[in-house]
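Please read the structure below before turning to the comments.
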Amino acid sequence: MADGYNFIPQKKWEKTPTGYYIVPIDQLDIKRSRTDENGTATIVRCTCPDCSDSRKRSHQNEPCVRLDMTTGLGKCYNCGFHFIISTKVKALSKHQPVRKENWKLPRTDHLKPLDAVAIDYLMKRGIRPETAKKAGVCSARHIVGGMERDCLAFTFREGTKVVNIQYKTTDKLFAMEPDCEIIPWNIDACIGQESIIITEGMMDALALMELGYDNVISVSNGADTELRTFNRFRYSHFDSLKTIYLAGDMDEAGEQLRAKLAEYFGEARCRIVDWRIEQDDGESLAEKDANDMLKAHGADAVMQCVNHAQPCPITGVETVANYRERLFDIWQNGIQPGKKVGWGEFDDLVQFEPGRSTIIVGEPNTGKSTFADDLVLNLALLHHWKAAVYSPEMFPPERHIARLATTIAGRQFRKETVTTERGVDYRQTAIPQPMAERIVDWLEENIFFVTEEKGRTIHKLLHRAEQLQQRYGIRQLLLDPFNYIQLPDGAKSDTMKIGDVLAEIELFAHRTGLFVIVVVHPSKPQKGEQIESLYNASGSAEFRNRADYGLVLVNDDNAPREPGSSSQLHLLKVIVDKVRDDAMGHKGVCHLSFDAANYRHGIVQTIHVTDQLNHFRALPVSNHCWLDRSEQQQLAMPF
């Protein structure tokens, strides 16, 4: 019989090294069974080979044993007899992980029946001493916190063996036996069950046992439990379970433990027990754990939480239900158009939307960085997309900021300009103080600079961007250029490492909703080769494969111009090499003008002369301040 920590069988049985008695299969009196879809028995109910003969005649035929026919492990819920059928001993040994450590077994001669202090503590927590005793809880004196204390002793048992003991004082100090194996508490409650409830602590498990649940175990060390403590029992105790209820605490650590357990056991068979009850009046009853719910709201509340456990979400998998509202928004209103930047034919080819990545590649000296800056500023000014900028080549940062200020102002970011005629200097105000203040204030509120100096890994850069998103609400991120990002360590080729970094950027954009722009240097062209595709990016074809948008920049100053078109503006051919979503544009070619005086790009109209010949008309690029169209009135006269 069981006395809380030792079990003495009534008959003589051989025993496995792990503490399970070995029962010949012909000694089983099976009363009923459950079968799988193939008709094979899975869980059977039978009389106890050890105690049924000695029970009262009216109880001798009761199926008090649950037996898992897959593993051969059985447990009597009358006397506590734990056994394995003889034909399954070798299979169980084969599936047990190799035990590398030589664990000690704790002494148990100091364990005593529950004393008055322990009983009082349990009763205040809503747990009867009979429930705790049946679960192997005792009283003991043990050193906890540097001094010997009266403790509750929770015995960790496997089969007939006590493999460890956790000591708990009434003021919630804990200690475990040293050099002993750590396993889940009450692990054999899994035997013969189709479902199991896993709690974050033994008191929570006792609270559920108090209500009649006999399929309850607890992790060994709260939210800090190492999952490897389950490894030895994967096959023998968990593989045949259909449902695993994760009944941890409702705090952040408990949520993390649930996530770890769900991944370990597989989300498909896990259900989440939420210690919260929604009431008809809209209010909710919420507690931290099972024991608190029992104390505060009673047995019915605890059972309601367990009975309403929800299926665990499968990590990385979503159903149509996750998108139902947005799907019907598309059905009713169509796909929302992307954001344009006011560049004429360029806008006809491509529009930008959040959560996407854009790769920009181009010939040397095409102004890739200037183009990217202008794109960022237009999105920020027109659509309020604040931006984080990582541009280590633009050094020092204040000069980069001055270039951005020049683009916004429409002229060089200077207090005044000086022209000399016949030896006389003529000074004219370029940007008055109020305008300069407004420009700098706008940049301060909308553009943020990432200045990671050590370990420029993509993880660190994206982390900085996400923090800026959470604090300041940025909507876009510029990484310029890619080769300043440190590739991961490891034996992979650089091509594979680049692919990994781009995959991380892509997932980051999708997860955060940030619009990410990456500027990439071209590979060295072969003689006579022209850069006209993202495949010309240096390092990997993954730049094109991973991009949502792909832009290729080519100098085209020699393109034929319409008469009257300004020869002071440079012509830039923009090849839209990729648009992943056709709702956001399509492949094609257009031209933009570039004004080197203020780093702005402008509209170029394509004039079709013949089927084989186009002329280009560069429209004037405004030199007015984007923040204040009336700023001309504030300019001082020359003096």
Side-chain angles (χ1 to χ4, degrees), residues 36-37 42 184 190 193-200 215 217 219 223 225-228 230-231 233-235 237-276 278 305-332 335-336 353-357 458-459 462-463 465-466 469-470 488 496 499-516 542 545-548 580-584:
D36 60 18
E37 60 274 9
T42 54
C190 297
Q193 301 284 1
E194 292 190 334
S195 65
I196 197 72
I197 304 172
I198 304 179
T199 67
E200 195 172 318
N215 58 334
I217 67 173
V219 297
T225 295
E226 296 184 14
L227 296 181
R228 62 186 178 89
F230 290 93
N231 287 351
F233 305 97
R234 287 290 289 269
Y235 167 78
H237 289 66
F238 291 102
D239 275 2
S240 60
L241 294 173
K242 293 182 177 179
T243 308
I244 298 175
Y245 292 87
L246 305 180
D249 293 357
M250 296 287 288
D251 54 15
E252 183 177 355
E255 295 288 344
Q256 293 174 355
L257 176 64
R258 293 182 191 195
K260 290 194 301 183
L261 290 172
E263 183 177 4
Y264 182 84
F265 290 113
E267 297 94 335
R269 59 175 177 162
C270 290
R271 299 181 77 89
I272 302 296
V273 179
D274 196 353
W275 300 115
R276 180 187 295 108
E278 300 297 335
C305 291
V306 175
N307 292 338
H308 288 81
Q310 296 298 306
C312 179
I314 300 176
T315 303
V317 175
E318 293 179 332
T319 68
V320 173
N322 296 103
Y323 304 98
R324 188 178 186 87
E325 184 177 344
R326 283 178 281 177
L327 185 62
F328 274 101
D329 182 65
I330 293 175
W331 171 74
Q332 183 172 354
I335 296 175
Q336 294 298 312
E353 68 174 346
R356 301 288 191 173
S357 61
I458 192 61
H459 173 75
L462 297 182
H463 173 75
E466 188 164 8
Q469 181 188 36
Q470 293 175 7
M496 296 179 68
D500 290 344
V501 171
L502 293 173
E504 193 164 348
I505 291 173
E506 180 183 26
L507 293 174
F508 172 81
H510 293 171
R511 178 174 60 83
T512 62
L514 290 183
F515 179 64
V516 183
E542 285 293 287
N545 299 337
R546 290 287 182 179
D548 291 308
R580 188 185 298 275
D581 187 343
D582 58 11
M584 294 296 116

- [ ] Could you tell me how the ring of F230 sits relative to the ring of Y264: parallel (under 30°), tilted (30 to 60°) or perpendicular (over 60°)?
- [x]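 Rings of F230 and Y264: tilted, 30 to 60°.
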Open item on the list: Below 30° counts as parallel, above 60° as perpendicular, anything between as tilted: where do the rings of F233 and H237 land?
Closed with: perpendicular
If every non-hydrogen atom of [X] is compared with every non-hydrogen atom of [Y], which pair is closest and at what distance?
{"X": "Y235", "Y": "D239", "answer": "CA-OD2, 3.5 Å"}
{"X": "V306", "Y": "Y245", "answer": "O-CE2, 4.0 Å"}
{"X": "R546", "Y": "R580", "answer": "O-NH2, 3.1 Å"}
{"X": "N322", "Y": "T319", "answer": "OD1-N, 2.7 Å"}
{"X": "A309", "Y": "V273", "answer": "CB-CG2, 3.9 Å"}
{"X": "C190", "Y": "F238", "answer": "SG-CE2, 3.9 Å"}

With heavy-atom distances below 4.5 Å as the criterion, would you say the side chains of [X] and [Y] are in contact?
{"X": "E263", "Y": "T315", "answer": "no"}
{"X": "H463", "Y": "E466", "answer": "no"}
{"X": "M250", "Y": "R258", "answer": "yes"}
{"X": "D581", "Y": "D548", "answer": "no"}
{"X": "F265", "Y": "L241", "answer": "no"}

Open item on the list: Under a 3.5 Å cutoff, is there a donor and acceptor pairing between the side chains of D36 and T42?
Closed with: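 Side chains of D36 and T42: no pair found under 3.5 Å.
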Open item on the list: Are there over 12 heavy-atom neighbours, none belonging to Q470, within less than 6.0 Å of that residue's CD?
Closed with: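 Yes, because the 6.0 Å sphere around CD of Q470 holds more than 12 heavy atoms from other groups.
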Starting at [atom1] of [X], measure out to [atom2] of [Y] and round the result to the nearest 0.5 Å.
{"X": "L227", "Y": "L261", "atom1": "CG", "atom2": "CG", "answer": "6.0 Å"}
{"X": "E226", "Y": "K260", "atom1": "CD", "atom2": "NZ", "answer": "8.5 Å"}
{"X": "T512", "Y": "Q469", "atom1": "OG1", "atom2": "CD", "answer": "5.0 Å"}
{"X": "L257", "Y": "I198", "atom1": "CG", "atom2": "CD1", "answer": "8.5 Å"}
{"X": "D274", "Y": "L246", "atom1": "CG", "atom2": "CG", "answer": "12.0 Å"}
{"X": "C312", "Y": "R269", "atom1": "SG", "atom2": "CZ", "answer": "12.0 Å"}

- [ ] Give me the one residue out of L514, D500, V516 that meets side chain to side chain contact (heavy atoms under 4.5 Å, CB included) with I505.
- [x] V516
Open item on the list: Checking the side chain of Q332 only, and the main-chain atoms of I330 only, is there a donor and an acceptor separated by less than 3.5 Å?
Closed with: no
